[in-house]
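Following: one structure in structure tokens, then a few remarks.
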Amino acid sequence: MEKFSDLERQRHIKLERIRERGIDPYPPRVQRSHTATEAILEFETGKPERDMSLVGRLMSIRAMGRSTFAHIEDGSGRIQIYLRQDALGEEAYEFFKRDFDIGDFIGVTGHLFRTRTGEVTLQVRDFKMLAKSLHPLPEKWHGLKDVETRYRQRYLDLIANEEVREIFVIRARIVSALRRFLDERGFLEVATPVLQPIYGGAAARPFITYHNILDQDLYLRISDELYLKRLIIGGYERVYEIGKDFRNEGVSHKHNPEFTVLEFYQAYADYSDVMEMAEEMVSYVAQEVLGTTCITYQGNEIDLAPPWPRRSLRQAIKEESGIDYQDYPDAQSLYQAVRAIGGNVEPKATRGKLIDALLSNYVEPKLIQPTFLVDYPVEVSPLAKRKPGNSGTVERFEGFAGGMEICNAFTELNDPLDQEERFLAQGRAYEAGDEEAHQMDEDFLIALSYGMPPTGGFGMGIDRLTMLLTDRASIREVILFPHLRTKGQS
RNA sequence: GGGCCGCUAACUCAAGUGGCAGAGUAUCGGCCUUUUAAGCCGAGAGUUGUGGGUUCGAGUCCCGCGCGGCCCA
């Protein structure tokens, strides 16, 4: 056991005193008739008065001799309680004053009244320790600000900072609204493997793990795409999945190694259909969760209502960087062009990586209002269908808002022979040093070769959408337990 | 991976140019029966992230390391 601070020692002494009284400081059951909010509502609406039993964490104590005010907080909110020596008896009143601390969970029974200052308050007739807290809470007025502690001990952040609690309520409502939107349109929610023998569906490096009994390497999925497509092949016309993907790359204010993604696939739809659905979906979620499609993100007013403007990727990059990548058919010449405008890119970057760098550095930060960029180069989109009459370009779009990419979608490639060629090209890119290149997936090719209907597919980062709708600049603010380095025991 | 900034009591923060490590909250003791950042009086509380170095003397200066934040890649 670690060495206790003075404050902790003090609480252990109190814990012992409670036990010496023959009282269990961690009783298994509670008596509760109302939540704090229900109690106040009942009093305000003038229902006949009766005794009620409330529970919660002691958040503040104001002791004034023979009477004490305190606030308790449960999941519904806060309510003030009032303890008087003459109502409780000297013994019980002293017990509360001596051995109850801020942070303890307490059960109280009594009746409601209104104080002189107008606050609905429970006058306590009986109280009970529900769980003794042995570690002092963060300070009541300034709360908890230390970012590292907020992330490492999120429970303290949630206790101390109400607005943080609110973020994760909004996040849950976002996910719930997305499900409602898709369910209402006949989509089937499915679950596909997180552990995969071959990873794919995105350009990223995977986490590798190992199955002991099967003596087999497995990968944590970087995308749900290839399994969801198998379900389209299987005959479901509309499927979606909301779950975690894992990418073995750096952490940043926009990246966490595990993150939550929505993907949906719709047979007999193309990327234009999906685009319309995407803008509808995002504005539906904003309307459902925030009551408006007009939001403020990092000081910018953003209106998410459809339609969102469509710009071609090529045009957007040309306008913002001055480079028309069509003029540079190979990596070498494009590299020279990017360097010529001062772009800091690696010499060994593939043409796709260079185009991606142009997009990320010159275009993405400017896309504050919701925007679709459409029609991507084939080499960065190995799973998307080529545009008719333009074999170098695929029917793909990405949606941006607040200067962030939030979704990615395409008309799915359903030509098994073209798909095989794309995988082979990715294999060559991998050999040339692109560690994020797509793996050859024979099993998926076999599935495709049975025939996949024309299909539109879509993926969206739930974390980023939550950032957008809660006005947070860092992804760590919308993930309850963001990834941090483990702190050494020293 | 690089640059900059931060790490001091349980929490929030102070400690010009190196010179006794402080305050508020919280805690403990005393007074106080309608307070709500309650009030008044008193007390205790620290390996200044960590390991070295310079110095009579280091929270402060130098070097290494750890963790975090922001920016860049």
Side-chain angles (χ1 to χ4, degrees), chain A residues 2-15 17 58-73 78-90 92-94 96-104 110 112-124 133-157 159-161 249-255 298 338-339 342-349 353-354 356-358 360-361 365 403 472-477 482-490:
Chain A
E2 63 179 3
K3 214 180 118 189
F4 294 122
S5 70
D6 276 5
L7 294 181
E8 289 170 282
R9 256 195 301 279
Q10 201 57 247
R11 292 195 175 203
H12 279 268
I13 290 168
K14 294 179 180 186
L15 181 72
R17 277 205 300 257
L58 273 166
M59 296 303 288
S60 62
I61 300 174
R62 292 174 294 285
M64 295 160 299
R66 292 174 194 81
S67 81
T68 294
F69 285 95
H71 273 94
I72 63 171
E73 184 170 313
R78 277 181 192 219
I79 188 167
Q80 183 167 251
I81 61 173
Y82 180 48
L83 301 96
R84 294 172 60 105
Q85 191 195 58
D86 55 12
L88 291 165
E90 195 170 333
Y93 184 73
E94 285 306 311
F96 177 85
K97 270 186 74 173
R98 197 173 59 243
D99 291 333
F100 282 63
D101 288 301
I102 291 170
D104 294 349
L112 292 177
F113 73 105
R114 196 182 290 276
T115 64
R116 273 182 204 159
T117 53
E119 181 164 355
V120 177
T121 300
L122 186 101
Q123 177 160 343
V124 177
S133 164
L134 297 177
H135 208 114
L137 257 35
E139 197 228 14
K140 62 180 175 186
W141 188 242
H142 297 93
L144 179 67
K145 291 187 173 172
D146 184 86
V147 177
E148 189 172 352
T149 307
R150 287 186 47 234
Y151 295 160
R152 287 192 195 278
Q153 295 178 275
R154 182 69 90 179
Y155 48 92
L156 293 179
D157 193 23
I159 291 168
N161 299 316
E249 51 198 33
V251 299
S252 80
H253 67 114
K254 284 184 195 169
H255 298 89
Q298 302 298 296
V338 175
R339 293 295 298 213
N344 201 346
V345 284
E346 290 184 32
K348 67 168 193 174
K353 280 262 189 299
L354 292 166
D356 194 54
L358 288 170
S360 305
N361 297 329
R472 301 292 134 172
S474 168
I475 198 169
R476 296 181 202 100
E477 295 293 338
H483 182 76
L484 298 177
R485 278 191 174 83
T486 45
K487 215 163 184 178
Q489 303 286 92
S490 60

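Naming convention: chains lettered A, B, ... in sequence-line order (proteins, then strands); numbering from 1 in each chain. Excluded from the calculations below are hydrogen atoms, water molecules and symmetry mates; all remaining heavy atoms, backbone and side chain alike, are included.
- B:rG44 makes up no base pair with any nucleotide shown, lacking Watson-Crick or G-U wobble contacts both under 3.5 Å.
- Here the nucleotide nearest the side chain of A:R66, chosen from B:rA10, B:rA73, B:rU33, is B:rU33.
- B:rC11 atom P lies 14 Å from atom CG of A:D157, rounded to whole Å.
- Annotation: the span from A:E139 atom CD to A:L144 atom CG amounts to 10.5 Å, rounded to 0.5 Å.
- Put simply, the side chain of A:S67 and the base of B:rU34 share no donor and acceptor less than 3.5 Å apart.
- Under the Watson-Crick or G-U wobble criterion, with both distances below 3.5 Å, B:rG64 is paired with B:rU50.
- Separation of the P atoms belonging to B:rC61 and B:rG6 is 9 Å when rounded to the nearest angstrom.
- Residue A:R485 is classed as a sugar-phosphate contact, given heavy-atom separations below 4.0 Å to backbone atoms only.
- Across the protein-nucleic acid pair, A:K97 atom NZ and B:rC28 atom C1' stand 13 Å apart, rounded to whole Å.
- Note: A:E477 CD to A:I475 CD1 = 11.5 Å, rounded to the nearest 0.5 Å.
- Judged by distance alone, with hydrogens and angles left aside, the side-chain atoms of A:D157 form no donor-acceptor pair with the main-chain N or O of A:Y151 at under 3.5 Å.
- Spacing between atom OH of A:Y151 and atom P of B:rG6 amounts to 19 Å, rounded to whole angstrom units.
- B:rC31 and B:rA15: their C1' atoms are spaced 34 Å apart (whole Å).
- Counting atom types as modelled, A:D6 pairs no side-chain N or O with a base atom of B:rU27 as donor and acceptor under 3.5 Å.
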Note to self: Evaluate A:R150 against A:N161 for side chain to side chain contact (heavy atoms under 4.5 Å, CB included), listing each step before the verdict.
What the structure shows: CA-CA 10 Å; A:R150 287 186 47 234; A:N161 299 316; 4.2 Å; yes
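- The partner of B:rG39, taking Watson-Crick or G-U wobble pairs whose two distances both stay under 3.5 Å, is B:rC31.
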Item checked: Verdict with reasoning, A:E148 to A:R485, per salt bridge (Lys or Arg N to Asp or Glu O under 4.0 Å) -> CA-CA 11 Å; A:E148 189 172 352; A:R485 278 191 174 83; over 6 Å; no
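- Here the side chain of A:I102 is nearest to one of B:rG69, B:rU34, B:rU27, namely B:rU27.
- Atom CZ of A:R476 and atom P of B:rG68 are 9 Å apart (whole Å).
- Judged by Watson-Crick or G-U wobble contacts below 3.5 Å, the nucleotide B:rG22 has B:rC13 as its partner.
- Nucleotide B:rC72 holds its C1' atom 13 Å from the NZ atom of A:K254, rounded to whole Å.
- The residue A:L484 sits close only to the backbone: its heavy atoms come under 4.0 Å of sugar-phosphate atoms, none of a base.
- Checking B:rC70 for Watson-Crick or G-U wobble geometry (two distances, each under 3.5 Å) identifies B:rG3 as its partner.
- Within 6.0 Å of atom CD in A:Q298, more than 12 heavy atoms from other residues, nucleotides or ligands are found, so the atom counts as buried in its surroundings.
- Under 4.0 angstrom from either OP1 or OP2 of B:rC28 there lies no side-chain N or O belonging to A:R9.
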Expected rows: protein N/O vs nucleotides 37-39 of chain B N/O, under 3.5 Å:
from: B:rA37; atom 1: O3'; to: A:K140; atom 2: NZ; distance (Å): 3.2
from: B:rA37; atom 1: N1; to: A:W141; atom 2: NE1; distance (Å): 3.0
from: B:rA38; atom 1: OP1; to: A:K140; atom 2: NZ; distance (Å): 2.1
from: B:rA38; atom 1: OP2; to: A:R62; atom 2: NH1; distance (Å): 3.4
from: B:rA38; atom 1: N6; to: A:A63; atom 2: O; distance (Å): 3.3

Margin query: Using side chain to side chain contact (heavy atoms under 4.5 Å, CB included), reason through A:T68 and A:F100 one step at a time and then give a plain yes or no.
Written below: CA-CA 12 Å; A:T68 294; A:F100 282 63; over 6 Å; no
